[in-house]
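Structure first, then comments.
Below, chain A is the first sequence line, B the second, and so on; all start at residue 1.
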Number of protein chains: 2
Amino acid sequence: MKKEEARAKGLFGKCPYVTAQQLLKGKWAILIMHELSLGTKRFKELQRNIDITQATLTTQLRYMEEEGLVHREVYPEVPPRVEYSLTPIGEEFLPVLKSIENWGNKYIDFIKQGSYGHA
Amino acid sequence: MKKEEARAKGLFGKCPYVTAQQLLKGKWAILIMHELSLGTKRFKELQRNIDITQATLTTQLRYMEEEGLVHREVYPEVPPRVEYSLTPIGEEFLPVLKSIENWGNKYIDFIKQGSYGHA
DNA sequence: CGGCATCCTGTGTGATACTG
DNA sequence: CAGTATCACACAGGATGCCG
């Protein structure tokens, strides 16, 4: 950890913004967090609701599991069942999710009003 | 715009989460928003504070300007001066920023407690 | 069903050099 | 100072096929 300190990546675990950015960098992280905020979901459910590839979803979930945001519960049944839910620190993300939702909706209104000039 | 409707990208402007994700997808978007939330900044200031390349910063700012999040004011002086600030819809992002900061800090505490098992 | 391995590609990001 | 232009590259993310 020498040169990394120069670039923002080295601020992971120090600056809250960099940290959050790293955690949510995945294209789907926010969507997944939102889905899980609605309750425990099975793998297939997530895949259907978000319309994401198996491989990609698996990768994202593994990542978020490693980060401690998501809990993975495996039921050794036939056919297999795996359920995902938010961990405590994952639950703490809910306010962020809520404010993102608010702002996202405001922004959607904003572009619908044609308040900006591109396209 | 046909196949894109199938994938989440087509939800831009519909789903608030997808919309927000698209807007903030840049590695630096949140950092820049944070800097600008502290007040108007010159290009060079941003570059110094965030430690980002000129090219990358320019790209990001242009993008955010197009999205209507950032305002760019050019002063035709010598040497040139360009100042960046938040637009109204950009200001609306502040609550999100605040909640991200809160959560980011919680998460930083979380990993410092060694509450999770990797590395 | 849930997942992994593999391959492949787009693009986001960075380094560098040049311009007004 | 504030860009633009170009090149290079790593990596996220999609497609496909196979496995327990």
On the nucleotide [N], are OP1 or OP2 found under 4.0 Å from the side-chain N or O atoms that [X] carries?
| X | N | answer |
| --- | --- | --- |
| Arg42(A) | dG2(C) | yes |
| Arg72(A) | dG3(C) | yes |
| Lys25(B) | dT11(C) | no |
| Arg81(A) | dG2(C) | no |
| Thr53(B) | dT13(C) | no |
| Tyr84(A) | dG3(C) | yes |
| Thr58(A) | dG3(C) | no |

In whole Å, I'd like the distance from the [atom1] atom of [X] to the [atom2] atom of [N].
| X | N | atom1 | atom2 | answer |
| --- | --- | --- | --- | --- |
| Ile50(B) | dA2(D) | CD1 | P | 14 Å |
| Ile30(A) | dG13(D) | CD1 | P | 12 Å |
| Glu83(A) | dC1(C) | CD | C1' | 13 Å |
| Leu57(A) | dG3(C) | CG | C1' | 10 Å |
| Gln60(B) | dA2(D) | CD | P | 18 Å |
| Glu77(B) | dG3(D) | CD | P | 13 Å |
| Trp28(A) | dA12(D) | CH2 | C1' | 12 Å |
| Gln47(A) | dG13(D) | CD | P | 16 Å |

Notebook entry, point to check: Which word best sums up how the rings of Trp103(B) and Phe93(A) line up, parallel for under 30°, tilted for 30 to 60°, or perpendicular for over 60°?
Noted result: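 Judged by the thresholds at 30° and 60°, the geometry between Trp103(B) and Phe93(A) is perpendicular.
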Would you say [X]'s side chain and [Y]'s backbone share a donor-acceptor pair under 3.5 angstrom?
| X | Y | result |
| --- | --- | --- |
| Gln21(A) | Gly26(B) | yes |
| Thr56(B) | Ile52(B) | no |
| Glu101(B) | Lys98(B) | no |
| Thr87(B) | Leu69(B) | yes |

Check: How do Thr56(A) and Arg62(B) order along DNA chain D: which one's closest nucleotide is nearer the 5' end?
Finding: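 The residue whose closest nucleotide sits nearer the 5' end is Arg62(B).
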In terms of side-chain heavy atoms of [X], which of [options] is nearest?
| X | options | answer |
| --- | --- | --- |
| Lys44(B) | dC1(D), dG3(C), dG14(C) | dC1(D) |
| Lys27(B) | dG14(C), dC1(C), dA2(D) | dG14(C) |
| Phe43(B) | dA2(D), dG2(C), dC1(C) | dA2(D) |

Check: Heavy atoms under 4.0 Å, any strand shown: does Tyr75(A) hit a base, just sugar-phosphate, or nothing?
Finding: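 Since no nucleic acid heavy atom lies under 4.0 Å of Tyr75(A), the category is nothing.
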Next item on the list: For Ala55(A) and for Gln21(A), locate the closest nucleotide of DNA chain C by heavy-atom distance; then report the residue assigned to the nucleotide nearer the 5' terminus.
Entry: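 The answer here is Ala55(A).
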Notebook entry, point to check: For Gln54(A) and Thr59(B), take the nucleotide of DNA chain C holding the closest heavy atom to each; which residue's nucleotide lies nearer the 5' end?
Noted result: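 That would be Gln54(A).
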Note to self: Less than 4.5 Å apart, side chain to side chain, heavy atoms only: is that true for His71(B) and Leu86(B)?
What the structure shows: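 Not touching, per the 4.5 Å side-chain cut-off.
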